[in-house]
Structures are given as C-alpha cells and as structure tokens.
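Values reported hereafter were calculated over all heavy atoms of this structure, with side chains retained and with hydrogens, waters and symmetry mates removed. Just so it is clear: chains get the letters A, B, ... in the order the sequence lines come, proteins before strands, and each one is counted from 1.
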Amino acid sequence: MSETSNSMIHTSIIMFAVSMILVLISLTSNYVYKGSLSAFLLISSILFVGSFITAFKSSKLKEENIRKEAFINTSLSVFILGLVIMILTFFLVTLRIR
Amino acid sequence: MVDVLFLGIGTAILLFFTVEMITFILFNTTNNYKSKITYFVMGETFCIMGYLLLFIFILSSSDILNALFKFSPASYPEIARSSSILVSIVFYSIHIFLQFIYNLEENDQKTKYTIYLIMGVLGYIFYLYGLIAGVR
C-alpha cells in the first residue's frame, strides 16, 4: 500500500507541473479564450495539489489500516477528477462554449 | 477576460466548500466506521483545495486587498466583499490548522470536532456573503 501512495505522489506532482506549464503557455499566447482556458487549467492544477497532499498524508501513516486506504482512495478519485476537468477544458475551449 | 477568470475560480471555490459541507452531513448521519472515515478524508481534501484556491484568489486579485488598505473612500459593496472574504480566510485557517493537528474523526475528539465544524460553517457563511455582496 505504501508503493501506491508513493506512485500517487509522483504522478500528481508531474501532472501539477504539466498543468502549470499549460497555464503559462495559455497566458502568454494570443489565443482569444486564454482567460477561461487558464482559469480551468488553474482549477485542475489545484485538484492535483489536493491529490498530492492527500497522498502525502497517507504516506506519513505507518500502519496499514482503513485510514490509509481512505486517503489513497480519495487521492486517486481527486486525481481522476483533475484529469477529467483538464480534458473537458480543452473540449470546451476548442468547441468555443463559454 | 479577467471577469471570466475570477468568476470561474469563485464558482470552483464555492463548489469545493459545498462538497465539504455535504461530507459533514454524511459524516454525522452514518454509523459505519469505514464510510465515516472516507467521508471525513474527502471533506478534508476538498477543504484544502478550496482554501488554496481562495488564497490564490485573494493574493492575485488586486482590487480585494486594495479596497481595504487604500485610504481613499471605497464603495460599500467593495468593503463588504473584501472584509467578509478576509474573515472567512481567518476562519478557514483555524479549520485547517485543527484538522492538521488532531485526528478529528475519532470518537474521543468530540469537542474539538464541534469547534472545527463551527469554524467551517462560519467560514462558508462569510464566503457566501462575500460573493453575494460583490453582485451589483
């Protein structure tokens, strides 16, 4: 179970970095909808930060019990929520629905 | 463009804090130990995410802090909005501080859990008031 929390920490850090780089790229571009694009990407990056914090808390717990399992489940579900919002952002912006 | 950005982030903060309020209700109405802990951890995570977004929102938007600290007279909605959002930040800081120190989901932490709950609800009410006062 500790390997799962470690891999959740790594993946959420990488996805946070990716979404922050995308925010920077969208803010410096000349795209028409860069405001809404960067706002939604910022929200998804905060979701990845939440996933990271939860995975970090689960890695701090020594014994394997229900609490640790709950932390890992929450981390995974928040991570998937962040991915879904990130993908939906690109769909919404490319379809130009505001 | 700035309006779209702040409106989206404000709605996301409201969504996160509302999820936390719903997990409070679910936590207090179930007796199953495993689902109680799952609800509590879910509420903690959403509270932290909302708090982070609220912090970025306050630090990045210049007009909210400006309305309080500038010496020229400001309009009533600006003052109400910025002061109530600052008060809600203070309440949520205590809320998050408590959840990092104690294991609040255990049965022997009832009084601390009650303080934690009251702080969260007060922060939510002040944040809602801040959002409503901004509408013209």
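By the neighbour-count criterion of 12 heavy atoms within 6.0 Å, atom CZ of Phe24(B) is densely surrounded, having more than that number from other residues, nucleotides or ligands. Atom OH of Tyr102(B) has 12 or fewer heavy atoms from other residues, nucleotides or ligands within 6.0 Å. Counting heavy-atom neighbours within 6.0 Å of Phe126(B) CZ, excluding the residue itself, gives a total of 12 or less. Phe40(A) CZ: 12 or fewer foreign heavy atoms inside a 6.0 Å radius.
Side-chain contact between Phe16(B) and Leu47(A): present, with at least one pair of heavy atoms (C-beta onward) separated by less than 4.5 Å.
For the pair Ala12(B) and Ile43(A), the tightest heavy-atom approach, listed with the atom from each and the gap, is CB-CD1, 3.5 Å. Looking at every heavy atom in both residues, Val41(B) comes nearest to Ala70(A) through CG1-O, 4.1 Å.
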Could you check Thr38(B) against Asn73(A) for side chain to side chain contact (heavy atoms under 4.5 Å, CB included), going step by step and ending with a plain yes or no? CA-CA 8 Å; Thr38(B) 310; Asn73(A) 288 343; 5.6 Å; no

Test side-chain hydrogen bond (donor to acceptor under 3.5 Å, both in side chains) on Thr54(A) and Thr45(B) and set out the steps. CA-CA 7 Å; Thr54(A) 319; Thr45(B) 309; 3.3 Å; yes

In sequence, state the C-alpha distance, the side-chain angles, and the governing distance for Met42(B) and Ser77(A), and then conclude on side chain to side chain contact (heavy atoms under 4.5 Å, CB included). CA-CA 9 Å; Met42(B) 190 71 87; Ser77(A) 52; 4.1 Å; yes

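Tracing side-chain contacts under 4.5 Å through hydrophobic residues (I, L, V, M, F, W, Y), one never reaches Tyr39(B) starting from Phe71(A); they form parts of separate clusters.
For Phe100(B), the part sitting under 4.5 Å from any heavy atom of chain A is the side chain, from C-beta outward, and nothing else. If you measure heavy-atom distances from Ile46(A) to chain B, the contacts under 4.5 Å come from both the backbone and the side chain. When heavy atoms are compared at a cutoff of 4.5 Å, Leu37(A) does not approach chain B at all. Using a 4.5 Å cut-off between heavy atoms, Phe40(B) makes no contact with chain A at all.
The CD1 atom of Ile66(A) sits 13.0 Å away from atom NZ of Lys36(B), with the distance rounded to the nearest 0.5 Å. With rounding to the nearest 0.5 Å, the separation of CZ in Phe52(A) from CD1 in Ile48(B) is 11.5 Å. Expressed to the nearest 0.5 Å, how far CZ of Arg67(A) lies from CG of Asn103(B) amounts to 4.0 Å.
Put simply, the residue from Val78(A), Val49(A), Leu81(A) that forms a side-chain contact (heavy atoms from CB on, under 4.5 Å) with Met49(B) is Val78(A).
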